[in-house]
Amino acid sequence: MVKELSIESIKKDIIDKLMNNMDILKYLEAERRVAEGTRLEEFFNRFIYDHDTTCAGANYISVEVAEHDGSCITRVGDKKYVVTIKMGLEWEENVCALASVVAGIIDKLYPNRRKFSNVPFKTVDNCLSVSDYGYSQTPIFNMISLENQRKSQLHRMITFEVE
């Protein structure tokens with residue numbers, strides 16, 4: 001059975017898996033935060049976002065989905081979805097391991113995904129720059145405000161397509 005794809009269904013599938021993964025919660029320091037009074041339900045849109053966020057704190061994962069006409073339209077309504085997952089951790093040395101866990105979740109949810117990439121990017125003086133290593137003709141630049149008062153921070157961004 002093929003599951004119906006939409007922006008909402010893709011976001012829900014990914015967010016549900018992220019919210020229910022113990023490794024993800026470990027990297028987001030869930031145990032400490034719960035001991036301080038944060039309920040696990042409050043992690044949604046506080047640490048794990050269902051939208052692209054440019055003002056996330058040091059520990060975050062954001063999920064955004066774009067919808068496009070498919071590359072080979074055979075029927076009216078064929079779509080492709082481009083998923084972008086950004087993440088950052090206060091302890092930068094763990095951000096690659098976090099990205100690996102997220103990539104494993106994506107592999108299981110969307111084994112037939114295409115154009116997968118997992119790239120680092122760094123915020124410097126509250127500006128975000130992404131190096132696409134020559135795979136894109138259009139560089140992406142956004143603004144971000146670092147809440148931890150650092151001059152720079154390492155993040156990772158996973159992108160892929162599903163049809």
Side-chain angles (χ1 to χ4, degrees), residues 5-30 32-34 38-68 79-110 113-133 135-136 138-162:
L5 295 177
S6 69
I7 291 171
E8 295 79 14
S9 70
I10 293 169
K11 283 184 178 186
K12 182 181 181 331
D13 287 347
I14 294 171
I15 295 292
D16 285 350
K17 293 293 184 188
L18 295 174
M19 292 285 294
N20 291 302
N21 184 288
M22 292 305 293
D23 289 327
I24 298 290
L25 295 175
K26 177 186 78 169
Y27 285 116
L28 296 175
E29 301 177 338
R32 179 183 61 82
R33 294 178 196 284
V34 168
T38 303
R39 295 188 336 239
L40 281 178
E41 300 84 39
E42 294 173 331
F43 271 60
F44 177 68
N45 281 342
R46 189 166 175 192
F47 301 103
I48 299 176
Y49 297 86
D50 68 349
H51 58 276
D52 188 12
T53 181
T54 56
C55 60
N59 297 314
Y60 75 98
I61 302 173
S62 70
V63 178
E64 191 53 87
V65 179
E67 180 181 70
H68 302 277
K79 302 284 183 193
K80 75 175 177 182
Y81 298 89
V82 178
V83 180
T84 302
I85 304 171
K86 295 179 185 174
M87 64 203 83
L89 293 173
E90 183 176 354
W91 302 104
E92 293 176 340
E93 63 271 13
N94 294 329
V95 76
C96 291
L98 172 64
S100 179
V101 173
V102 173
I105 290 170
I106 298 308
D107 285 344
K108 289 178 183 165
L109 278 175
Y110 301 102
R113 52 131 176 78
R114 298 180 1 198
K115 297 185 179 178
F116 180 89
S117 68
N118 179 350
V119 297
F121 65 95
K122 197 163 191 79
T123 55
V124 179
D125 291 330
N126 291 335
C127 292
L128 171 81
S129 66
V130 176
S131 174
D132 60 13
Y133 299 100
Y135 294 111
S136 173
T138 308
I140 302 168
F141 295 97
N142 290 319
M143 295 298 291
I144 189 166
S145 175
L146 297 176
E147 294 177 1
N148 57 11
Q149 305 302 312
R150 291 197 294 200
K151 296 281 279 171
S152 69
Q153 182 176 341
L154 176 67
H155 305 263
R156 293 212 61 95
M157 181 171 60
I158 291 175
T159 59
F160 62 94
E161 292 180 3
V162 291

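Since the structure is predicted, the reported quantities are computational estimates derived from the model, not experimental observations. Count residues from 1 along the sequence.
In plain terms, the two heavy atoms of His51 and Asn45 that are nearest each other are CE1-OD1, 3.5 Å. When every heavy atom of Leu40 is checked against every heavy atom of Met19, the shortest pair comes out as O-CE, 3.6 Å. Nearest heavy atoms, Glu64 versus Asp52: OE1-N, 3.2 Å. Closest heavy-atom contact between Ala103 and Ile158: N-CD1, 4.0 Å. Minimum heavy-atom separation, Ser117 to Thr159: OG-OG1, 2.5 Å. Summarising the geometry of Val83 relative to Ile85, their closest heavy-atom pair is CG1-CG1, 4.0 Å, with the distance given to 0.1 Å.
For Tyr81, there are no ring pair (Phe, Tyr, Trp, His ring centres under 6.0 Å) partners two or more places apart in sequence or in a different chain. For Lys12, the side-chain hydrogen bond (donor to acceptor under 3.5 Å, both in side chains) partners two or more places apart in sequence, or in a different chain, are Asp16. A search for ring pair (Phe, Tyr, Trp, His ring centres under 6.0 Å) contacts involving Tyr27 returns nothing, not counting sequence neighbours. Legend: residues meeting side-chain hydrogen bond (donor to acceptor under 3.5 Å, both in side chains) with Ser62, ordered by chain and number and at least two apart, are absent. When the side-chain contact (heavy atoms from CB on, under 4.5 Å) test is applied to Arg46, the partners found at least two apart in sequence or on another chain are Thr38, Glu42. For Glu161, the salt bridge (charged side-chain N to carboxylate O under 4.0 Å, His left out) partners are Lys80, Arg114, Lys115, not counting sequence neighbours. Every residue two or more places apart in sequence or in another chain that forms a salt bridge (charged side-chain N to carboxylate O under 4.0 Å, His left out) with Arg39 is listed here: Glu41. Arg156 is linked by a salt bridge (charged side-chain N to carboxylate O under 4.0 Å, His left out) to nothing, counting only residues two or more places apart in sequence or in another chain. With sequence neighbours excluded, no residue forms a salt bridge (charged side-chain N to carboxylate O under 4.0 Å, His left out) with Glu67. When the side-chain hydrogen bond (donor to acceptor under 3.5 Å, both in side chains) test is applied to Ser100, no partner is found at least two apart in sequence or on another chain. Here Glu93 pairs with nothing under the side-chain hydrogen bond (donor to acceptor under 3.5 Å, both in side chains) rule; sequence neighbours left out.
Separating the CG atom in Leu18 from the OH atom in Tyr49 is a distance of 13.5 Å, to the nearest 0.5 Å. One finds the CG atom of Leu98 at 9.5 Å from the CG atom of Asn21 (value rounded to the nearest 0.5 Å). How far CG of Leu28 is from CG of Leu89: 6.5 Å, rounded to the nearest 0.5 Å.
Aromatic ring pairs are classed by plane angle as parallel below 30°, tilted from 30° to 60° and perpendicular above 60°; the pair Tyr60 and His155 is tilted. Aromatic ring pairs are classed by plane angle as parallel below 30°, tilted from 30° to 60° and perpendicular above 60°; the pair Phe47 and Phe43 is tilted.
You'll find the side chain of Val82 reaches within 4.5 Å of the side chain of His68, heavy atoms only.
By the neighbour-count criterion of 12 heavy atoms within 6.0 Å, atom NZ of Lys17 is sparsely surrounded, having that number or fewer from other residues, nucleotides or ligands.
Results of the side chain to side chain contact (heavy atoms under 4.5 Å, CB included) test with Ile48 over Asn59, Val63, Ile24, Ile14 single out Ile24 as the only residue that passes.
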Output, in order, the C-alpha distance, side-chain angles, deciding distance and verdict of side-chain contact (heavy atoms from CB on, under 4.5 Å) for Glu8 and Val65. CA-CA 8 Å; Glu8 295 79 14; Val65 179; over 6 Å; no
